[in-house]
Amino acid sequence: LTVVAHSAEDVAYVSSLLPEIDLITDGELRADVAAIWIECWHESSWERIEDAPKNPGLSRSDRPLYEHVRAVTQEAIAAADVVEARHGVVADRDTLLAAALLHDVSKLVEYRLDESGDAGSSPFGKLVQHAVYAAHKAIEKGLPDEIVHAIVSHTRRSRVPPRTLEALILHYVDYLDTDVLLLAAGQQLDLHKRW
Ligand SMILES: [Fe+2]
């Protein structure tokens, strides 16, 4: 396996946008999560990570991708804390943090700016299903199957339902965060269409 060194500058940049990376207790996992963000960013057409949108249908002025990822990560940890306190079921926090931080990282390469300056699907994003590339990166780094599974099953498009507590929490808080944004924007929620 090739070990790719990432500049301290890039690591500091990604950590400043996603400070939740520092909550991961396993140092190797923490470095891998930052490295995957750096690699996907360098492979993408975005000059700055802040420029990548959460949603290609909405303009760049809409919520940036990294802010959605931060919200989902915080929501996942909050949900895990309540689930543990009220049900006595313990979600592995490092697995949950890594999966939440990585679940949408492939959007960096799935979207791009078109000639008119609007964000839309990239040629890659049109051909390869959402989250497949994030899962590929996680596998490439040798991350545990539980993290790969949570990345894959976060979206209902994959047709693989969540089969672990960490994946279940991520799945729901991701849709929660998306639907909160849509509701706040006055958009209709067609929840039944997802199934
Ligand atoms: Fe998401």
Side-chain angles (χ1 to χ4, degrees), residues 14 17-21 23-24 33-34 36-41 43-44 46 48-80 91 93-112 119-122 124-126 128-138 143 146-185 187-191 193-195:
V14 165
L17 293 177
L18 301 168
E20 288 73 21
I21 288 175
L23 299 176
I24 298 172
V33 168
I36 291 172
W37 267 90
I38 293 165
E39 287 169 26
C40 287
W41 169 47
E43 292 166 23
S44 80
W46 306 102
R48 307 178 316 154
I49 290 173
E50 297 95 302
D51 297 333
K54 179 212 178 297
N55 210 315
L58 304 169
S59 75
R60 277 175 83 180
S61 58
D62 187 61
R63 201 173 212 208
L65 173 64
Y66 81 95
E67 284 189 4
H68 163 67
V69 169
R70 283 203 71 185
V72 165
T73 305
Q74 291 179 12
E75 285 154 1
I77 291 302
R93 299 303 197 274
D94 271 8
T95 299
L96 189 57
L97 284 164
L101 287 161
L102 294 175
H103 82 283
D104 270 354
V105 69
S106 54
K107 281 187 177 178
L108 289 172
V109 293
E110 291 162 5
Y111 305 147
R112 63 150 191 200
S121 292
S122 66
F124 177 83
K126 283 183 185 143
V128 180
Q129 188 203 280
H130 174 48
V132 164
Y133 194 63
H136 164 77
K137 284 285 192 188
L143 301 194
E146 287 73 16
I147 294 175
V148 178
H149 166 66
I151 291 170
V152 167
S153 64
H154 92 265
T155 172
R156 286 173 191 163
R157 285 184 196 172
S158 74
R159 313 305 292 170
V160 174
R163 295 196 170 106
T164 63
L165 179 60
E166 295 81 9
L168 190 70
I169 290 172
L170 175 60
H171 180 91
Y172 282 117
V173 298
D174 181 40
Y175 281 104
L176 170 70
D177 197 71
T178 297
D179 290 340
V180 165
L181 284 176
L182 293 176
L183 200 65
Q187 294 194 30
Q188 182 114 22
L189 300 180
D190 292 321
L191 303 185
K193 284 188 182 164
R194 289 195 189 128
W195 294 97

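Order of appearance sets the numbers: ligands from 1, and atoms from 1 within every ligand.
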Handout entry: Test item: side-chain donor near acceptor, N55 and H68, under 3.5 Å
Key = no
Practice task
May I ask you to test the Q187-L181 pair for a side-chain heavy-atom distance under 4.5 Å?
Solution key: no
Problem - Residue list, side-chain contact (heavy atoms from CB on, under 4.5 Å) with A80, at least two apart or on another chain - result: A91, R93, L96, I169
Completion exercise
Protein N/O/S atoms closer than 2.8 Å to the Fe ion (ligand 1), ordered by chain and number, come to H68 NE2, H103 NE2, D104 OD2, D174 OD1
Problem - Any donor-acceptor N/O pair, H103 side chain to A100 backbone, under 3.5 Å - result: yes
Exercise for the section: Could you check V72 against E75 for side chain to side chain contact (heavy atoms under 4.5 Å, CB included), going step by step and ending with a plain yes or no? Expected result: CA-CA 5 Å; V72 165; E75 285 154 1; 4.3 Å; yes
Problem - Side-chain donor/acceptor of S122 to backbone N/O of E110, under 3.5 Å - result: yes
